[in-house]
Amino acid sequence: LIFGGLFLFVMFTYLPGLGSYPLWDPWETQYAQVAHEMVEHNSIIQPWYRNNTRWLSKPIMHLFYQSTSIRILGESPFTMRFPIVLFAALGLLVTRKLWTSRAGWLAALMLGSSPMYFLIGRQDIPDLPYVVLQTTALLLLIVGLYGHGKKTPYLYMFYVVSALALLTKGLLSVMIPGVII
């Protein structure tokens, strides 16, 4: 029920007009081109740019879910931005889980309605997915180290989600939590 409510909040606020304007940020267009060429060359994890497989500018995760979105929904500005909106919903769910029920709802509502989260939650760049994955990983680490009950599964999930963050933003995902931890 909680996830459904947050999911509907994001869908009703973030989806309207998502594909009504073209890709405008220089990074949006470059990521879209790489994802387009990955689909064109039937590549799942090898990025292509200008018919060259040596484009290793960014880690693969963002390009993977973008090209998967193209394969499922077709190619359009909406399709390029849709996975980011799903990550925005996941980020609100993680925020909701950080505190007690009432404080979690308020925190998720405030985050979801903040202008910066809204802007980045509708832009095709890997920043929001990275923040959501890294926040989730650190939350799992805290629960795994200091929570009650069986802690080991949370620590394993911390490593898995940290690996996904690494595949989304690269070494930044090792440095920032390393300093925090």
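One is the number of the first residue; the rest follow in order along the sequence. Every value quoted in this text rests on a predicted model; they were computed, and no experiment measured them.
Residue-environment remark: CZ (F64) stays at or below the threshold of 12 foreign heavy atoms within 6.0 Å. Within a 6.0 Å sphere centred on CZ of F78, other residues, nucleotides and ligands contribute more than 12 heavy atoms. The number of heavy-atom neighbours closer than 6.0 Å to CG of L15, taken from other residues, nucleotides and ligands shown, is above 12. Heavy-atom contacts from other residues, nucleotides or ligands closer than 6.0 Å to CG of L106 number more than 12. Counting non-hydrogen atoms of other residues, nucleotides and ligands closer than 6.0 Å to OH of Y146 gives a total of 12 or fewer. The neighbour count for L171 CG, taken as heavy atoms of other residues, nucleotides or ligands under 6.0 Å away, does not exceed 12.
Listed here is the closest heavy atom pair of G147 and K151: O-CE, 2.9 Å. Pairing each heavy atom of T136 with each of V132, the nearest pair is OG1-O, 2.7 Å. For the residue pair T79 and S69, the shortest heavy atom distance occurs at O-OG, 2.8 Å.
Under the 3.5 Å distance criterion, the side-chain polar atoms of S173 are left unmatched by any main-chain donor or acceptor of K169. Looking at R122, its side chain does come within 3.5 Å of a backbone N or O of Y14 through a donor-acceptor pair. The closest donor-acceptor contact from the side chain of S20 to the backbone of G17 lies under 3.5 Å. At least one donor-acceptor pair closer than 3.5 Å links the side chain of H41 to the backbone N or O of E37. At distances below 3.5 Å, not a single donor-acceptor pair connects side-chain atoms of T168 with backbone N or O atoms of Y130.
Taking 4.5 Å as the limit, some side-chain heavy atom of P126 sits within range of a side-chain heavy atom of Y31. Between M11 and V85, some side-chain heavy-atom pair lies under the 4.5 Å cut-off. Side-chain contact between R71 and N42: present, with at least one pair of heavy atoms (C-beta onward) separated by less than 4.5 Å. Within the 4.5 Å cutoff, the side chain of L128 has heavy atoms near those of the Y117 side chain. For the pair I44/T68, no side-chain contact is recorded, criterion being any heavy-atom separation below 4.5 Å from C-beta on. Using a 4.5 Å heavy-atom threshold, the side chains of W48 and S43 count as touching.
Classification of E28 and R81 as a salt-bridged pair holds, one side-chain N sitting under 4.0 Å from a carboxylate O.
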_Residue pair T29, D25: steps toward the side chain to side chain contact (heavy atoms under 4.5 Å, CB included) verdict_ = CA-CA 7 Å; T29 55; D25 184 89; over 6 Å; no
_Please determine whether side chain to side chain contact (heavy atoms under 4.5 Å, CB included) holds for the pair W27 and Q123, giving the CA-CA distance in whole Å, both sets of side-chain angles, and the decisive distance to 0.1 Å._
CA-CA 10 Å; W27 286 108; Q123 191 175 4; over 6 Å; no
*Pair F118-S113, side chain to side chain contact (heavy atoms under 4.5 Å, CB included): steps then yes or no*: CA-CA 7 Å; F118 180 78; S113 60; over 6 Å; no
*Go through the steps to decide whether Y65 and I84 satisfy the test side chain to side chain contact (heavy atoms under 4.5 Å, CB included), and finish with yes or no.*
CA-CA 9 Å; Y65 55 72; I84 307 299; 4.0 Å; yes
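Tracing side-chain contacts under 4.5 Å through hydrophobic residues (I, L, V, M, F, W, Y), one never reaches F12 starting from F87; they form parts of separate clusters. Hydrophobic clustering (side-chain heavy atoms under 4.5 Å, transitive across Ile, Leu, Val, Met, Phe, Trp, Tyr) keeps L8 apart from V94. Under the 4.5 Å side-chain contact rule for hydrophobic residues, L133 and V179 do not share a cluster. Residue L90 is grouped with residue I72 when hydrophobic side chains (ILVMFWY) are merged at heavy-atom distances under 4.5 angstrom, including chains of intermediate members. Placement of V160 and M61 in two distinct hydrophobic clusters is found when ILVMFWY residues are connected by side-chain heavy-atom separations under 4.5 Å, directly or transitively.
If you take OG on S162 and CG on L140, they are separated by 8.0 Å, rounding to the nearest 0.5 Å. Between the CE atom of M157 and the OG1 atom of T152 there is a distance of 10.5 Å, given to the nearest 0.5 Å. One distance of note links CD1 of I60 with OG of S67; it measures 7.0 Å at 0.5 Å rounding. Residue L109 holds its CG atom at 11.5 Å from OG1 of T95, rounded to the nearest 0.5 Å. In this structure, CD in Q134 is found 5.0 Å from CG in L138, a value given to the nearest 0.5 Å. The distance from the CG atom of D124 to the CD atom of Q30 is 11.5 Å, given to the nearest 0.5 Å.
When hydrophobic side chains of Ile, Leu, Val, Met, Phe, Trp and Tyr are connected at separations under 4.5 Å, V39 ends up clustered with L23, I70, M80.
By the ring-ring contact (aromatic ring centres under 6.0 Å, His included) test, F158 pairs with no residue at all, sequence neighbours left out.
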